[in-house]
Number of protein chains: 2
Amino acid sequence: MPHSPSGETVTSRALRVLATFSAQRRELTLSDLARLTGLPLTTTHRLVGELATWGALERDEQGLYRIGLRLWEIAALAPRSVGLREAALPFLEDLYEATHENVHLAVRDGDEALYVERISGRHAVSVVSRVGGRLPLHATGVGLVLLAYADVEVQERVMAGPLRRFTDRTVTSPPELRRLLAEVRRTRTAISPGYLENNALSVAAPVWGPAGDVVAALSIVVPISRAPGPFLPAVTAAARGVSRALGARL
Amino acid sequence: MPHSPSGETVTSRALRVLATFSAQRRELTLSDLARLTGLPLTTTHRLVGELATWGALERDEQGLYRIGLRLWEIAALAPRSVGLREAALPFLEDLYEATHENVHLAVRDGDEALYVERISGRHAVSVVSRVGGRLPLHATGVGLVLLAYADVEVQERVMAGPLRRFTDRTVTSPPELRRLLAEVRRTRTAISPGYLENNALSVAAPVWGPAGDVVAALSIVVPISRAPGPFLPAVTAAARGVSRALGARL
DNA sequence: GCGGCCTCTTCCGTTGAGCGGAAGGCAACC
DNA sequence: GGTTGCCTTCCGCTCAACGGAAGAGGCCGC
């Protein structure tokens with residue numbers, strides 16, 4: 001039977017194939033892709049073949065598909081990811097060298113924090129963040145900063161939705177989160193002690209854009225046994241440095 | 001008139017739209033995209049709309065399109081880019097901290113070196129490389145390493161093609177390049193003094209994969225006034241560290 | 001060694017998603 | 001007000017896309 005029964009476009013289908021990959025499944029067979037997308041095997045075969053020919057996907061000798069370099073090459077032109085990272089890297093490196101802890105740079109995408117950069121020292125506390133990965137706004141340092149300076153609609157939507165509990169310390173009460181966000185705006189920093197992981201404390205600050213909005217958040221993550229105070233000046237300075245590099249008038 | 005006169009598929013067209021963006025043109029109007037792809041305005045409008053809806057493209061209030069975060073998020077799952085970078089980062093950071101010079105990690109893609117990571121110090125010599133960017137194999141340190149260990153077909157193809165001259169020092173003679181590659185294999189390092197830029201000297205070493213092949217190259221780039229010798233041990237050690245992290249048996 | 005199962009590839013008749021020119025709205029400029 | 005250029009919407013036409021069927025090949029259990 002010709003043409004998509006659901007009326008779905010070819011472009012949409014091709015993109016859904018790409019979106020099937022995840023941090024947990026970085027390599028998939030043709031059958032995997034068909035099952036996960038719900039597309040007929042023949043259709044998947046044709047679409048996957050086109051994506052592989054162009055370089056969006058790569059197929060190895062065992063028939064496993066992975067996201068291809070060509071896609072990454074194009075995606076690396078995204079101003080809000082690699083572009084932002086390029087501007088921020090000197091300051092992230094400075095902060096890393098001064099502390100040898102985990103350093104993060106994240107942007108808000110919808111109702112989540114999307115990590116565009118992460119530098120972790122060998123001996124830094126283990127954290128779950130991943131470049132290209134997403135984490136919730138309410139339970140991370142960078143997330144709290146991004147949420148505090150987001151439009152009110154975004155804040156209301158996040159607080160209206162379920163606030164997932166990750167540890168005993170996670171803030172899951174909307175009124176409490178509202179107070180926390182007010183404090184973030186007052187101090188222009190966010191401290192997140194064990195909200196996402198029991199053993200990790202995060203100190204974050206906003207990165208301002210040229211239009212006076214907050215375009216990213218920068219943070220350091222240390223063991224929860226550490227006091228946050230000593231890290232505040234360095235994190236704030238790094239964030240301000242990135243802001244200036246982006247053309248913000250502080 | 002229905003359907004592509006050239007018989008080109010929808011997927012191919014959509015990918016070509018994405019491929020229109022470049023380091024020189026990170027933001028384009030709808031008309032730009034139509035002109036650059038050669039597609040009719042209506043067709044471009046439809047395809048671009050779909051890409052934007054999904055997040056592969058982002059449109060600002062002025063009607064300028066950019067590569068979207070969603071595409072980068074998917075592309076960040078590419079093992080040969082961000083995956084490789086994750087494994088390599090501790091060693092790249094070590095090399096950077098020890099020298100505060102430019103540190104590169106690149107892979108071979110076709111007949112070019114594609115840069116998956118770059119860490120540059122504030123005072124490091126200025127270099128033209130860019131994360132997500134490509135540079136020629138014969139005129140860069142990482143490129144010489146990647147070429148030296150590539151299949152013979154790749155080597156022959158590169159040497160059969162024009163070897164573009166960038167500086168007076170660029171190796172453009174196939175016999176000379178062949179000798180240089182033999183030297184790279186003998187010493188397991190590549191030294192590239194002023195081949196691409198007059199004022200930059202590069203020292204590179206191979207990164208081995210678990211299958212005993214060279215999967216990437218790592219390098220440091222310093223001012224041409226520096227002697228390469230003192231950097232060799234650190235570059236080699238960093239490359240071996242990355243190799244082990246990738247499961248190579250050295 | 002053989003049958004069963006699964007993956008992947010190729011074929012091909014059918015048809016509606018995709019095609020793009022035309023028309024028009026809108027904004028900027030003179 | 002007229003001109004220019006960009007973007008959006010419409011819509012008649014048609015072939016690229018559709019996916020079931022058939023088959024090749026590999027793996028595994030008996």
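Reminder, nothing fancy here: chain letters follow the sequence lines and each chain counts from 1.
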Closer than 4.0 Å, any side-chain N/O of B:His45 to the OP1 or OP2 of D:dC7? no
Of A:Gly63 and B:Thr44, whose closest DNA chain C nucleotide lies nearer the 5' terminus? A:Gly63
Check B:Ile67 against A:Ala78 and note the closest heavy-atom contact, atom names and distance. O-CB, 3.4 Å
Can you name the residues that form a ring-ring contact (aromatic ring centres under 6.0 Å, His included) with B:Tyr115, not counting sequence neighbours? B:His104
Sequence neighbours excluded and cut-off under 3.5 Å, please list the side-chain donor-acceptor pairs for residues 241-250 of chain B, or say none.
| residue | atom | partner | partner atom | Å |
| --- | --- | --- | --- | --- |
| B:Ser243 | OG | B:Trp208 | N | 2.9 |
| B:Ser243 | OG | B:Ala239 | O | 2.7 |

Salt bridge (Lys or Arg N to Asp or Glu O under 4.0 Å) filter on B:Asp32, not counting sequence neighbours, yields B:Arg25, B:Arg35
Sorted by chain and number, sequence neighbours left out, salt bridge (Lys or Arg N to Asp or Glu O under 4.0 Å) with A:Arg130 holds for none
Could you state the atom-to-atom distance from CD of A:Glu8 to P of C:dA17 in whole Å? 11 Å
Residue pairs meeting ring pair (Phe, Tyr, Trp, His ring centres under 6.0 Å), one or both in residues 25-49 of chain B, sequence neighbours left out, come to none
Might you list the N or O atoms of the protein lying below 3.5 Å from N or O atoms in nucleotides 24-27 of chain D, with each pair's distance?
none

B:Glu27: what forms a salt bridge (Lys or Arg N to Asp or Glu O under 4.0 Å) with it, not counting sequence neighbours? B:Arg66
Can you see which heavy atom on A:Tyr65 is nearest to which on A:Phe21, and at what distance? O-CE2, 3.2 Å
In residues 25-42 of chain A, what residues come within less than 4.0 Å of DNA chain C, judged by heavy atoms? A:Thr29, A:Leu30, A:Ser31, A:Arg35, A:Leu41, A:Thr42
For the side chain of B:Thr9, starting at C-beta, report the closest nucleotide among C:dG18, D:dC18, D:dA17. D:dA17
Taking only residues two or more places apart in sequence or in another chain, which ones pass salt bridge (Lys or Arg N to Asp or Glu O under 4.0 Å) with A:Arg59? none
With sequence neighbours left out, what residues match A:Ala190 under side-chain contact (heavy atoms from CB on, under 4.5 Å)? A:Leu144, A:Val145, A:Val184, A:Ala204
For B:Ser12, all residues meeting side-chain hydrogen bond (donor to acceptor under 3.5 Å, both in side chains), sequence neighbours excluded: B:Glu8
Check this one for me: any side-chain N or O of A:Arg13 less than 4.0 Å away from OP1 or OP2 of D:dC18? yes
Heavy atoms within less than 4.0 Å of DNA chain D: which residues of residues 51-62 of chain A have one? Give them sorted by number. none
Are OP1 or OP2 of C:dC19 and a side-chain N or O of B:Arg46 less than 4.0 angstrom apart? yes
